[in-house]
Amino acid sequence: MRKYPIEKYRNIGIIAHISAGKTTTTVCILYYTGKTYKIGTLEKGTTILDWMALERERAMTIMAAATSCYWSLDGENYQINIIDTPGHIDFTAEVQRSLRVLDGAIVVFDGGAGVQTQSETVWHQADNFGVPRICFVNKMDKVGATFEMNLESIWKRLAMNAIPLQLPIGEEDNFSGLVDLLKMKALRFEGKEGEIVKEEEIPKELEEKAKEWRKKIIEKVAAEDEELLEKYLSKKEISITELRKGLRKAVIKCKIFPVFFGSLFKRIGIQPLLDAIIYYLPSPVDLPPIKGTDPKTGEVIERKPLDSEPFSALAFKIQADPYVGTLTFFRVYSGYLKRGSYLLNPITGEKERIGRLLRMHAAEREETEEAFAGDILATVGLKNTSTGHTLSDSNNPIILEKITFPEPVISIRIEPKTKADQEKMSLALKRLSEEDPTFKMKTDQETGETIISGMGELHLEIITDRMKREFKVEGDVGRPQVAYKETIKELAEAEGKYIRQSGGRGQYGHVWLKVEPKKSGEGFEFVDEIKGGVIPQEFIPAVEKGVKEAMEKGVLAGYPLVDLRVTLYDGSFHEVDSSEFAFKIAGSAALQSAARRAKLVLLEPIMKLEVISPQEFFGSVIGDLGAKRGKIEETQDRFQVKIIRAKVPLAEMFGYATTLRSLTQGRGTFTMEFDHYEEMPQNIAQEIIEGKRR
């Protein structure tokens with residue numbers, strides 16, 4: 001039996017820039033909903049959600065943690081399923097896969113800093129998935145935290161349609177409460193942990209400002225709702241219930257983003273935020289049915305979020321657990337599931353038995369017998385299911401849209417400390433790469449070394465640390481290398497032949513290929529234009545395989561070849577001697593030959609950088625970025641500091657933390673994330689090709 005009807009579910013994520021207060025927001029929510037009995041802190045390593053030893057040591061979230069809690073509002077009970085995501089950009093996959101399965105999100109901001117680089121990134125990720133959001137500006141007790149500055153930065157950098165539903169009472173140290181602009185009441189938070197919320201009259205000095213803002217809210221909401229607009233224009237009173245209803249509709253359509261304020265340190269603002277989750281964020285039934293494709297016909301089909309529909313779920317996260325093996329987290333979009341049932345994975349064609357169903361609360365697990373539409377649960381021991389795979393009813397299969405992840409930008413060589421560790425290391429890296437789609441491992445065919453790739457230095461550091469702790473494998477790690485790529489600029493064609501005649505049966509493969517460039521990020525496309533059977537159909541996949549292998553090895557400097565269309569348009573075969581092997585080699589040779597004629601260039605990863613520097617060191621920091629081939633995009637003044645936003649090649653950024661510390665007497669900070677790939681200057685590309693650049 002369902003504990004709560006699906007309309008009473010809220011599946012939400014908490015997303016933000018690193019150190020804005022995501023985990024503390026979640027922990028406070030769990031405390032006020034009665035799920036936990038104390039509020040821990042990241043610094044002391046006492047938050048229930050950061051359960052990994054690594055997270056506690058580094059005082060940062062590394063893995064998204066799932067939990068659920070219950071909240072009562074207006075006499076009704078609601079279930080809130082929460083995913084707390086990491087803030088550091090190296091763990092972007094955790095945010096991406098969480099947003100894919102969530103219905104709404106709370107974006108947390110640091111009140112003293114406003115919108116920061118990663119706030120922008122997570123906001124745009126949520127835009128891509130069309131996730132309705134509410135904004136929570138934390139740390140309003142911090143120096144420089146003003147209502148105007150925060151609102152201005154949200155409008156300027158994220159969304160003009162963000163609108164405050166509260167006003168802070170007092171600024172910085174004197175921040176002491178909130179004005180609820182819908183109820184037109186002041187809220188004070190009393191008791192040991194701010195658990196008692198008292199309503200009182202609005203302070204005299206804020207009355208005019210509150211009336212002004214309330215008028216703006218009504219205008220904004222009425223503009224999105226025809227009934228309310230009529231009422232507004234005929235100057236009729238709009239009730240709070242009508243306002244909330246109108247706001248809810250607009251938030252669900254991403255037309256309005258409500259802004260709330262608070263201070264987790266002073267325990268101000270969490271209960272109104274919990275009410276806002278219920279009032280304004282969608283339940284699964286408020287959103288359109290999930291779309292997918294029928295694996296048999298390729299037709300688009302949809303599933304409504306009802307228990308009576310055929311079962312469909314998306315596996316969005318795989319986690320290696322030292323006690324139970326592999327945990328698979330999944331979001332149920334439709335249907336009902338009982339423990340012990342079999343489900344089909346339509347991507348692999350395999351059936352999977354769901355032996356255990358677990359409701360996760362960070363590292364704790366609660367066994368449950370059934371899963372319903374809207375649930376976010378985990379199961380143990382699935383053999384052939386990876387991140388992004390669908391699990392569906394065998395008689396009504398559906399493939400839900402997969403999750404796409406960014407490609408790694410940095411690589412290091414790693415080797416086991418001892419011969420005995422060789423096999424253990426391969427196993428550990430394989431388990432970690434199954435868990436994290438942005439972490440890749442491969443063996444260098446020429447040197448036999450293992451190369452691991454990820455999203456940044458911290459990402460790879462955490463991977464090697466986890467390998468040591470969780471899998472008891474020590475490894476020697478090389479210096480970080482940039483993950484360059486190759487691409488072509490022009491159209492070209494070439495012939496590839498593989499003909500071997502020996503005593504017995506020979507080998508014969510012959511193809512003509514055309515290569516042409518595609519736009520950045522569009523990937524690889526193989527087009528078969530063979531007519532009249534000049535190459536038999538069974539050899540065409542072998543040609544494609546040969547092309548892909550040659551692209552993986554690269555042509556110019558051994559880096560993968562990307563963003564091109566390869567067309568197979570002619571060739572010939574031999575009745576007896578032709579084989580898949582011969583066509584694979586011919587395809588590979590033709591690709592290499594065509595790429596050399598198509599003006600090959602090297603691409604390098606460009607990072608989006610935000611530097612916060614005291615004003616007196618501004619010139620030195622700008623000069624240094626110029627020397628690093630950086631392009632300054634904008635500079636901004638904020639209190640005593642300068643904020644510099646720039647795009648800089650990753651190759652120039654190794655060891656930047658030390659450089660910045662020495663330039664600013666230890667007072668500068670920076671955040672950096674991958675932005676795009678760009679063609680390298682010819683002289684630097686030449687040095688890399690010749691192997692001079694270490």
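Every heavy atom of this structure was used, including side-chain atoms; hydrogens, water molecules and symmetry mates were not. Remember, predicted model here, so these are calculated numbers, not experimental data.
- In this structure, L358 and T368 have side chains that are not in contact, with every pair of non-hydrogen atoms separated by 4.5 Å or more.
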Checking side-chain contact (heavy atoms from CB on, under 4.5 Å) for the pair L73/Y78: CA distance, chi angles, key distance, verdict?
CA-CA 8 Å; L73 181 65; Y78 294 83; 4.3 Å; yes
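- Contact check for N395 versus P310: no side-chain heavy atoms found under the 4.5 Å cut-off.
- In this structure, OG in S98 is found 4.5 Å from CD1 in I83, a value given to the nearest 0.5 Å.
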Steps toward salt bridge (charged side-chain N to carboxylate O under 4.0 Å, His left out) verdict (R10, D286):
CA-CA 10 Å; R10 298 291 181 271; D286 292 316; 5.2 Å; no
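- Using a 4.0 Å cut-off between a side-chain N of Lys or Arg and a carboxylate O of Asp or Glu, K430 and E434 qualify as a salt bridge.
- Other residues, nucleotides and ligands place more than 12 heavy atoms under 6.0 Å from the CZ atom of F654.
- For NZ of K304, the number of neighbouring non-hydrogen atoms (other residues, nucleotides, ligands) closer than 6.0 Å is 12 at most.
- For the pair W123/F257, a side-chain contact is recorded, criterion being any heavy-atom separation below 4.5 Å from C-beta on.
- The main-chain N or O of G292 is never found under 3.5 Å from a side-chain atom of E401 such that the two would form a donor-acceptor pair.
- N81 and Q79 are linked by a side-chain donor-acceptor pair at a separation below 3.5 angstrom, with hydrogens and angles left out of the test.
- To the nearest 0.5 Å, atoms OG1 (T23) and CD1 (I14) are separated by 8.5 Å.
- Environment of CD in E423: sparse, with no more than 12 heavy atoms of neighbouring residues, nucleotides or ligands closer than 6.0 Å.
- Defined by atom type and a distance below 3.5 Å, a donor-acceptor pair is present between the side-chain atoms of H361 and T67.
- Counting heavy atoms from C-beta on, the side chains of L344 and E352 never come closer than 4.5 Å.
- Of the inter-residue distances, the one linking I403 atom CD1 with K317 atom NZ reads 11.5 Å to the nearest 0.5 angstrom.
- Among residues two or more places apart in sequence or in another chain, the side-chain hydrogen bond (donor to acceptor under 3.5 Å, both in side chains) test is passed with K417 by D476.
- Listed for the H124 side chain is no donor-acceptor partner under 3.5 Å among the backbone atoms of T121.
- When all heavy atoms of G298 and T293 are compared, the pair lying nearest together is O-CG2, 4.1 Å.
- Using a distance-only test at 3.5 Å, with no hydrogens or angles considered, a donor-acceptor pair links the side chain of D375 to the main chain of F372.
- F311 is not listed as a side-chain neighbour of N396, based on a closest heavy-atom distance of 4.5 Å or more.
- Between the side chain of S341 and the backbone N or O of L337, no donor-acceptor pair lies under 3.5 Å.
- Residues S334 and S312 bring a donor and an acceptor atom of their side chains to less than 3.5 Å of each other.
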Salt bridge (charged side-chain N to carboxylate O under 4.0 Å, His left out) assessment of E76 paired with K8
CA-CA 9 Å; E76 301 269 4; K8 301 282 190 284; 3.7 Å; yes
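- Side-chain contact check for K440 versus I452: every heavy-atom pair is 4.5 Å or farther apart.
- Looking at Y9 and R2, their side chains do bring a donor and an acceptor atom within 3.5 Å of each other.
- The distance from atom CD1 of I318 to atom CZ of R431, rounded to the nearest 0.5 Å, is 11.5 Å.
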I would like to know whether M455 and I410 meet side-chain contact (heavy atoms from CB on, under 4.5 Å); could you show each step before the answer?
CA-CA 6 Å; M455 298 308 294; I410 185 171; over 6 Å; no
Output, in order, the C-alpha distance, side-chain angles, deciding distance and verdict of side-chain contact (heavy atoms from CB on, under 4.5 Å) for K608 and M672.
CA-CA 6 Å; K608 189 156 76 176; M672 178 172 77; over 6 Å; no
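- Between the side chain of R248 and the backbone N or O of Y279, at least one donor-acceptor pair lies under 3.5 Å.
- Checking side-chain atoms of N11 against main-chain N and O of G374 turns up a donor-acceptor pair under 3.5 Å.
- Salt bridge status for R466 with E435: present, with a side-chain N to carboxylate O gap under 4.0 Å.
- Using a distance-only test at 3.5 Å, with no hydrogens or angles considered, a donor-acceptor pair links the side chain of D563 to the main chain of G521.
- A donor-acceptor pair under 3.5 Å is absent between the side-chain atoms of S453 and the main chain of P408, judged by distance alone.
- Side-chain contact of H459 with D436: a donor-acceptor pair under 3.5 Å is present, judged by distance alone.
- The shortest side-chain heavy-atom distance between E302 and I290 does not fall under the 4.5 Å cut-off.
- In this structure, K402 has no side-chain hydrogen bond (donor to acceptor under 3.5 Å, both in side chains) partners at least two apart in sequence or on a different chain.
- Partners of E367 under the salt bridge (charged side-chain N to carboxylate O under 4.0 Å, His left out) rule, at least two apart in sequence or in another chain, are R356.
- Judged by distance alone, the side chains of W71 and N77 never bring a donor and an acceptor atom under 3.5 Å apart.
- Counted by atom type alone, E7 and S283 present zero donor-acceptor pairs between their side chains at under 3.5 Å.
- Rounding to the nearest 0.5 angstrom, the gap separating the OG1 atom in T387 from the CZ atom in R100 is 12.5 Å.
- If you take OG on S394 and CG on N345, they are separated by 11.0 Å, rounding to the nearest 0.5 Å.
- The neighbour count for K338 NZ, taken as heavy atoms of other residues, nucleotides or ligands under 6.0 Å away, is above 12.
- Partners of K485 according to the side chain to side chain contact (heavy atoms under 4.5 Å, CB included) rule, which considers only residues two or more places apart in sequence or in another chain, are E407, V562, L603, Y677.
- Scanning for side-chain hydrogen bond (donor to acceptor under 3.5 Å, both in side chains) contacts around R303 gives an empty result, with sequence neighbours left out.
- Geometrically, R331 engages Y333 in a cation-pi contact defined by less than 6.0 Å to the ring centre and at most 45° from the axis.
- Considering only heavy atoms from C-beta on, I376 comes within 4.5 Å of L102 through its side chain.
- For T464, the side-chain hydrogen bond (donor to acceptor under 3.5 Å, both in side chains) criterion is met by no residue, not counting sequence neighbours.
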Would R157 and E610 count as a salt bridge (charged side-chain N to carboxylate O under 4.0 Å, His left out) here? Give the steps.
CA-CA 14 Å; R157 293 181 68 183; E610 184 176 276; 3.4 Å; yes
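- The backbone N or O of V131 sits less than 3.5 Å from a side-chain atom of R133, completing a donor-acceptor pair.
- Outside the 6.0 Å centre-distance limit, the rings of F136 and F260 are not counted as a close aromatic pair.
- A donor-acceptor pair shorter than 3.5 Å cannot be found between the side chains of E415 and T450.
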